[in-house]
Number of protein chains: 2
Amino acid sequence: MAGTEIKLTEQRRVILEELRKVRTHPSADAVYDLVRKRLPRISLGTVYRNLEAMSERGMIRKLGGCQCQMRFDADVTNHYHVRCLKCGRVDDVAVETCEVLERALRERSDYAILGHHVEFIGFCPSCRCAGEDERSDQPEGAGER
Amino acid sequence: MAGTEIKLTEQRRVILEELRKVRTHPSADAVYDLVRKRLPRISLGTVYRNLEAMSERGMIRKLGGCQCQMRFDADVTNHYHVRCLKCGRVDDVAVETCEVLERALRERSDYAILGHHVEFIGFCPSCRCAGEDERSDQPEGAGER
DNA sequence: ACAACTAATAGGAATGATTACTATTCGCGG
DNA sequence: CCGCGAATAGTAATCATTCCTATTAGTTGT
Ligand SMILES: [Mn+2]
Ligand SMILES: [Mn+2]
Ligand SMILES: [Zn+2]
Ligand SMILES: [Zn+2]
């Protein structure tokens with residue numbers, strides 16, 4: 001239910017406030033630690049559930065768009081990928097890699113940059129068609145894992 | 001031990017051959033299923049161990065460079081991130097997002113493209129210094145999870 | 001062929017992030 | 001206060017991945 005309105009409960013409000021305070025891109029359990037200082041009785045499940053609910057609604061971002069399961073590729077040349085949000089299919093894409101991005105960053109960052117990766121997200125040809133049919137009745141949870 | 005030479009055992013050879021046959025970017029357990037047709041006694045642990053060993057040596061690629069643990073961000077504006085391979089720290093980067101990539105892909109792909117994400121990888125200022133010190137004695141497993 | 005030694009494997013247990021489940025609680029209109 | 005749907009706390013289950021250990025395969029020297 002990606003577009004549904006959400007009630008701003010105490011727990012959700014505090015999670016959001018704490019996440020807005022930090023610049024560290026915390027993990028779910030790090031958010032849990034922050035929130036627990038103000039709501040000692042909150043449960044980890046509530047943190048996970050609400051982080052998920054809020055990212056579905058675009059109130060926050062979830063990083064590392066890839067699913068948990070790793071994928072492997074015998075092609076070690078530099079190329080980018082596109083992943084289907086619904087079925088998880090991964091394909092190569094036909095855009096050339098963009099080293100200009102890396103050069104630009106090397107000048108502005110204190111990190112020692114080793115590389116970068118780009119992943120497009122969308123719906124593959126078959127899921128795309130399936131989605132257009134059922135768009136009317138089911139808003140589709142976008143397969144977000 | 002990223003740069004060490006590797007012996008091409010029967011199991012490794014078959015894993016590599018099967019991975020080279022497909023274009024599907026299979027997961028570890030999908031590789032296991034493929035390999036098991038030829039080596040019915042191979043264990044899942046061996047598949048995981050050797051996929052990891054071969055990707056460390058650049059013989060294959062591991063996709064979804066992000067760790068398993070999700071990170072969250074209250075900043076929902078479009079921006080890219082850089083992740084430290086050693087300590088997992090994630091920072092925002094100061095390069096503007098590259099919509100030209102997405103436009104280019106939309107013309108060439110059958111996917112319905114919804115977006116893309118870019119993640120740079122490298123060493124953060126503190127891990128970078130620490131790494132330079134110990135570079136002599138320990139080759140450093142690059143923190144590859 | 002045999003012993004000694006090392007690297008790799010099979011199989012199963014352990015781990016850790018995430019999700020599912022369920023009884024209880026909360027908030028709210030009537 | 002009552003009834004009811006949404007949300008929560010606490011815990012169990014899931015599932016990809018890693019760890020562990022006894023066994024095996026390969027290698028070198030005799
Ligand atoms: Mn590929
Ligand atoms: Mn950010
Ligand atoms: Zn699909
Ligand atoms: Zn670091």
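Residue numbers begin at 1 in each chain, while the letters A, B, ... track the order of the sequences. Basis for what follows: all heavy atoms, side chains included, without hydrogens, waters or symmetry-related copies.
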Any non-hydrogen side-chain atom of A/Glu119 less than 4.5 Å from a side-chain atom of B/Glu119? no
The nucleotide from C/dA8, C/dA10, D/dT8 with an atom nearest the side chain of B/Arg41 is C/dA10
Review point. Any side-chain heavy atom of B/Glu52 sitting closer than 4.5 Å to one from B/Arg49?
Key: no
Determine, stepwise, if the pair B/His81 / B/Asp91 fulfils side-chain hydrogen bond (donor to acceptor under 3.5 Å, both in side chains). CA-CA 6 Å; B/His81 294 100; B/Asp91 280 300; over 6 Å; no
Using a heavy-atom cut-off of 4.0 Å across all strands, would you classify A/Asn50 as base, sugar-phosphate, or nothing? sugar-phosphate
Winner on side-chain proximity to B/Lys7, out of C/dA7, D/dA7, D/dT17, is C/dA7
To the nearest angstrom, the CZ-P distance between B/Arg12 and D/dG26 comes to 13 Å
Check whether any side-chain N or O of A/Tyr48 sits under 4.0 Å from OP1 or OP2 of C/dT19, and answer yes or no. no
Rounded to whole Å, CG of A/Leu8 lies from P of D/dA7 at a distance of 11 Å
Here the distance between atom C1' of C/dA17 and atom CG of A/Leu51, to the nearest Å, is 13 Å
Taken to the nearest whole Å, CD1/B/Ile15 to P/C/dT9 is 8 Å
Checking C/dA17, D/dA16, C/dA10 against the side chain of B/Ser43 (C-beta onward), the nearest is C/dA10
When rounded to whole Å, the CE to P distance for the pair A/Met70 and C/dG16 reads 17 Å
### Task
Determine: side-chain N/O of B/Ser27 to OP1/OP2 of D/dA16, distance under 4.0 Å, yes or no.
no
Side-chain contact check for A/Thr46: nearest option of C/dA17, C/dT9, D/dA9 is D/dA9
Whole-Å distance, A/Leu63 CG to C/dT18 P, equals 12 Å
Ranking D/dT18, C/dT18, C/dA10 by distance to the side chain of B/Arg49, first place goes to C/dA10
**Prompt:** Under the salt bridge (Lys or Arg N to Asp or Glu O under 4.0 Å) criterion, do A/Glu17 and A/Arg20 qualify, and how do the steps go?
**Reply:** CA-CA 5 Å; A/Glu17 283 176 9; A/Arg20 281 177 176 156; over 6 Å; no
Quick one: sort the B/His116 and B/Tyr80 rings into parallel, tilted or perpendicular, breaks at 30° and 60°.
perpendicular
When rounded to whole Å, the CZ to C1' distance for the pair A/Arg36 and D/dG10 reads 13 Å
Considering only heavy side-chain atoms of A/Gln11, the closest of C/dA8, D/dT8, D/dT18 is D/dT8
Whichever of B/Ile42 and A/Gly45 has the more 5' nearest nucleotide on DNA chain C, that residue is B/Ile42
Rounded to whole Å, CE of A/Met54 lies from P of D/dA7 at a distance of 13 Å
